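As structure tokens, the structure follows; a few thoughts come after it.
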Amino acid sequence: MSTFRPLAPALCLMFALTACTEADAPEPAAAPDTTRSPSAAGSTPADGSAVSAKDVCAYLDGQVPTLKGIGSETGAMANLTVNLYSWYEKQGPVPNGRDIDDQTRKECPATRTEVLKLAGMESFERL
């Protein structure tokens, strides 16, 4: 059975990413109001993203101890994928990886580098 040991991280990642099926999915949320003027947007950052770079960086900084504790790049990537997506979903629209890269390069390059290294990635576009 030890021949299957290398498959364990891949299977964990697969199960983590496919845990929800369409039958389990909640009803879609109403579309955001795009008729608001920029001044009415409130706390929406100036670049149009729903989450500020400072908030993303604070979240990622808080995840570093957890990612370190996982001990494997595959496990860290799976954890980061699921938890970062869930965190963004609670904040509003989930951005693409390129947007996360742009925000973190500017606001917290050291945290970005550490998180990506722990997850064995070069970019958030891989998530």
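In this chain, numbering begins with 1 at the start of the sequence shown. These numbers come from the heavy atoms of this one structure, side chains and all, not from hydrogens, waters or symmetry mates. Just so we're clear, the structure is a prediction, and the values are computed from it rather than from any experiment.
Residue pairs that meet the disulfide bond (SG atoms under 2.5 Å apart) test with at least one member in residues 61-100, sequence neighbours left out, do not exist here.
In this structure the side chain of Leu118 reaches within 4.5 angstrom of the side chain of Lys68, judged on heavy atoms.
In terms of modelled atom types and a separation under 3.5 Å, the side chain of Glu125 and the main chain of Ile100 share no donor-acceptor contact. Asp101 contributes a side-chain N or O that, together with a main-chain N or O of Phe124, makes up a donor-acceptor pair within less than 3.5 Å. Looking at Ser72, its side chain does come within 3.5 Å of a backbone N or O of Gly75 through a donor-acceptor pair. Under a 3.5 Å cut-off, the side chain of Arg112 and the backbone N or O of Ser123 do not form any donor-acceptor pair.
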task = Determine, stepwise, if the pair Leu84 / Leu60 fulfils side-chain contact (heavy atoms from CB on, under 4.5 Å).
result = CA-CA 8 Å; Leu84 185 61; Leu60 291 174; 4.2 Å; yes
ask   = Please walk me through it: do Thr104 and Cys57 pass side-chain contact (heavy atoms from CB on, under 4.5 Å)?
value = CA-CA 6 Å; Thr104 56; Cys57 290; 4.3 Å; yes
request  = Output, in order, the C-alpha distance, side-chain angles, deciding distance and verdict of side-chain contact (heavy atoms from CB on, under 4.5 Å) for Val115 and Met121.
outcome  = CA-CA 9 Å; Val115 166; Met121 303 184 315; 6.0 Å; no
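For the 3.5 Å distance criterion, the side chains of Asn83 and Ser86 fail to qualify, holding no donor opposite an acceptor.
Smallest separation of non-hydrogen atoms from Gln103 and Ser52: NE2-C, 3.8 Å. When all heavy atoms are compared, the tightest approach of Ala119 to Leu80 is CB-CD2, 4.2 Å.
With sequence neighbours excluded, the residues forming a ring-ring contact (aromatic ring centres under 6.0 Å, His included) with Tyr59 are Trp87, listed by chain and number.
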